[in-house]
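Below you'll find the structure I mean.
All residue numbers refer to positions in the sequence shown, counting from 1.
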Amino acid sequence: MTTTSTPATRVTGDDSAAGDPAFLSALAGSADDRRLSHLDALEAESILVIREMAGELERPALLFSGGKDSVVMLHLAAKAFWPAPIPFPVLHVDTGHNFPEVLAYRDETVERLGLRLVVASVQDYIDDGRLRDRADGTRNPLQTLPLLDAINDNRFDGVFGGGRRDEEKARAKERIVSLRDEFGQWDPKNQRPELWNLFNPRHRPGEHVRVFPISNWTEVDIWRYIDREDIPLAPLYYAHEREVFNRDGMWLAVGPVSLPRDDETVETRLVRYRTVGDMSCTGAVESPARTNAEIVLEVAASTLTERGATRADDRISEAAMEDRKKEGYF
């Protein structure tokens, strides 16, 4: 019996074109065109996570502070469900020390997208005695109790967060889908494998999961994506003149919750913010960068993470973030 080989790929149509170099070049070019760029691959993974978890969970919510990471996450969620609206509410833990510009941006974004905003207020907890202000003035560590209460009161079984693994050592340990026990606590030794992009949000009554769709993004990726998608941000992220004073190597803005001491000199400098948290512990960096493209170049050249460079609350101890995460913080 005679056997004949069959080509693995058959070109239909005019066979005379099959050997044409221009035709073969066009085929090769189309394959290259179909290859995802780095940002496209990150976007696709994040949208997959958001869609899968929104389908698996009964009452998810998305943490939205108005900061760049949560802005990108919200943008991805809008893309994931377009043209339908985002099918879950957004949650903000307001410390009472947030930058006014960021709160204004948060409210404008919520109104523009027609979202339901749930606010958990640290100030309310201080006013009724459930929490007390810390001696160092920072309120970021006080967010845990209001966050956990908001999750319980609204019966959220999953919360999307904008944590990235490049930010800090404890966040580098985190899975994309992370289980929290009935007390909202995180056990770094009790994490599920995530092979082949399979994510497991199953949990027992009283437990919930935290979902981090942009875990694999870096700060440079975030800014490149903001630049590509032309996503508007709060003006604090761009270079502007501001009255600041130097404390522990950071430029803190002069404000009602961050006043200079007698030995600290107030100066007017051209600065911007890499992250926009609690005013009392978030520092600015000197920078002339006024556009997204300029910020991409600046961040790419930096040797310090944004949290290491500008967040005093993460300098409290080597394990400050991990300790807070174990208690229920993001």
Look at the side chain of Ser215 and the backbone N and O of Arg165, then say whether any donor-acceptor pair between them is shorter than 3.5 Å.
no
Between Phe160 and Pro213, which heavy-atom pair has the shortest distance, and what is it?
CD2-CG, 3.8 Å
Spatial distance of atom OH (Tyr105) from atom CG (Leu236) [nearest 0.5 Å]:
12.0 Å
Check Glu298 against Pro288 and note the closest heavy-atom contact, atom names and distance.
OE1-CD, 4.0 Å
Step by step, would you call Ser302 with Arg274 a side-chain hydrogen bond (donor to acceptor under 3.5 Å, both in side chains)?
CA-CA 11 Å; Ser302 175; Arg274 291 177 67 179; 3.2 Å; yes
Arg272 side-chain N/O to Tyr237 backbone N/O, donor-acceptor pair under 3.5 Å:
yes
Measuring from Leu179:CG to Asn200:CG, what's the distance to the nearest 0.5 Å?
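Between Leu179 CG and Asn200 CG, I get 8.5 Å after rounding to 0.5 Å.
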My understanding is that only residues two or more places apart in sequence, or in another chain, count here; which of them pass side-chain hydrogen bond (donor to acceptor under 3.5 Å, both in side chains) with Asp40?
Ser37, Arg228
To the closest 0.5 Å, what do you measure between CG (Leu117) and CG (Asp107)?
6.5 Å
List for me each residue that meets salt bridge (Lys or Arg N to Asp or Glu O under 4.0 Å) alongside Asp221, sequence neighbours excluded, and say none if there are none.
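Partners of Asp221 by the salt bridge (Lys or Arg N to Asp or Glu O under 4.0 Å) criterion come out as none, since no residue qualifies.
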Residues Asp166 and Arg164 bridged, charged N to O under 4.0 Å:
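Here Asp166 pairs with Arg164 in a salt bridge, since their nearest N and O are under 4.0 Å apart.
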Where is the tightest heavy-atom contact between Glu241 and Leu270, given as atom of each residue plus distance?
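Reported closest heavy-atom pair: N-CD1, 4.0 Å.
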Distance-only donor-acceptor pairs under 3.5 Å for side chains of residues 49-56, two or more places apart:
from: Arg51; atom 1: NE; to: Ala80; atom 2: O; distance (Å): 2.8
from: Arg51; atom 1: NH2; to: Ala80; atom 2: O; distance (Å): 3.1

Distance check, rounded to the nearest 0.5 Å: Leu148 atom CG versus Arg180 atom CZ?
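So the gap between those two atoms works out to 9.5 Å.
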Within the 4.5 Å heavy-atom criterion, are Phe64 and Thr109 side-chain neighbours or not?
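Yes. Closest side-chain heavy atoms under 4.5 Å.
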Could you go through Asp149 and Arg130, starting from their C-alpha distance and side-chain angles, then the distance that decides it, and tell me whether this counts as side-chain contact (heavy atoms from CB on, under 4.5 Å)?
CA-CA 12 Å; Asp149 284 351; Arg130 284 177 287 176; 4.2 Å; yes
Could you name each residue pair satisfying ring-ring contact (aromatic ring centres under 6.0 Å, His included) that touches residues 276-305, not counting sequence neighbours?
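Every pair satisfying ring-ring contact (aromatic ring centres under 6.0 Å, His included) with a residue in residues 276-305: there are none.
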Set of side-chain contact (heavy atoms from CB on, under 4.5 Å) partners for Arg204, sequence neighbours left out
Glu207
Using atom types as modelled and distance alone, determine if a side-chain donor or acceptor of Asp227 lies under 3.5 Å from a backbone N or O of Asn292.
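It does not hold such a pair.
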Looking only at heavy atoms, which two atoms of Asn140 and Cys281 are closest? And how far apart?
ND2-SG, 3.6 Å
Minimum side-chain heavy-atom gap Val72-Tyr225 below 4.5 Å
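In contact.
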Full working for side-chain contact (heavy atoms from CB on, under 4.5 Å) between Asn246 and Glu264:
CA-CA 7 Å; Asn246 193 286; Glu264 293 171 336; over 6 Å; no
In the single-linkage hydrophobic clustering (I, L, V, M, F, W, Y; side-chain heavy atoms under 4.5 Å), do Val276 and Leu233 co-cluster?
yes
I need the Leu39 CG to Trp217 CH2 distance, nearest 0.5 Å.
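Those atoms lie 6.5 Å apart.
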Would you say Pro141 and Arg134 make side-chain contact, with heavy atoms under 4.5 Å?
yes
Quick one: are Val299 and Ile222 in side-chain contact, heavy atoms under 4.5 Å?
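Answer no - side chains too far apart.
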Would you say Leu113 ends up clustered with Val102 if hydrophobic residues are merged whenever their side chains have heavy atoms under 4.5 Å apart, either directly or through other cluster members?
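Per the 4.5 Å side-chain linkage, Val102 and Leu113 are co-clustered.
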Answer yes or no: does atom CG of Asp263 have more than 12 heavy-atom neighbours from other residues, nucleotides or ligands under 6.0 Å?
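It does: Asp263 CG has more than 12 such atoms within range.
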Where the side chain of Asp157 meets the backbone of Arg59, is there a donor-acceptor pair that is under 3.5 Å apart?
yes
Polar side-chain atom of Asp136 near backbone of Thr138 as donor-acceptor pair, under 3.5 Å
yes
Can you give me the closest heavy-atom contact between Phe81 and Ile86, atom names plus distance?
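Heavy atoms of Phe81 and Ile86 come nearest at CD1-CA, 4.5 Å.
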With Glu45, the side chain to side chain contact (heavy atoms under 4.5 Å, CB included) member among Ile214, Leu76, Asn197
Asn197
Just by distance, do the side chain of His92 and the backbone of Leu63 share a donor-acceptor pair under 3.5 Å?
no
Just so I know, are the side chains of Tyr273 and Arg242 near enough to count as touching, which here means a heavy-atom distance under 4.5 Å?
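Tyr273 reaches Arg242 side chain to side chain.
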Between atom CG of Asn190 and atom CG of Asp181, what is the distance when rounded to the nearest 0.5 Å?
9.0 Å
Val209 and Arg175: CA distance, side-chain angles, deciding distance, side-chain contact (heavy atoms from CB on, under 4.5 Å) verdict
CA-CA 11 Å; Val209 295; Arg175 296 288 195 269; over 6 Å; no
Does one side chain, of Asp278 or Ser280, offer a donor that lies under 3.5 Å from an acceptor on the other?
yes
May I ask you to say whether Glu294 pairs ionically with Arg290, meaning some side-chain N is under 4.0 Å from a carboxylate O?
no
Taking Val177 as the fixed residue, which of Glu194, Arg202, Gln191 is the one that meets the side chain to side chain contact (heavy atoms under 4.5 Å, CB included) rule?
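Testing each of Glu194, Arg202, Gln191 against Val177, the sole residue satisfying side chain to side chain contact (heavy atoms under 4.5 Å, CB included) is Glu194.
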side-chain contact (heavy atoms from CB on, under 4.5 Å) assessment of Asp248 paired with Met250
CA-CA 6 Å; Asp248 299 327; Met250 294 194 311; 5.7 Å; no
With sequence neighbours left out, what residues match Glu229 under side-chain hydrogen bond (donor to acceptor under 3.5 Å, both in side chains)?
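side-chain hydrogen bond (donor to acceptor under 3.5 Å, both in side chains) check on Glu229 returns His75, Lys79.
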Give me the atom names and distance for the closest heavy-atom approach of Leu62 to Ala77.
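That would be CD1-CB, 4.2 Å.
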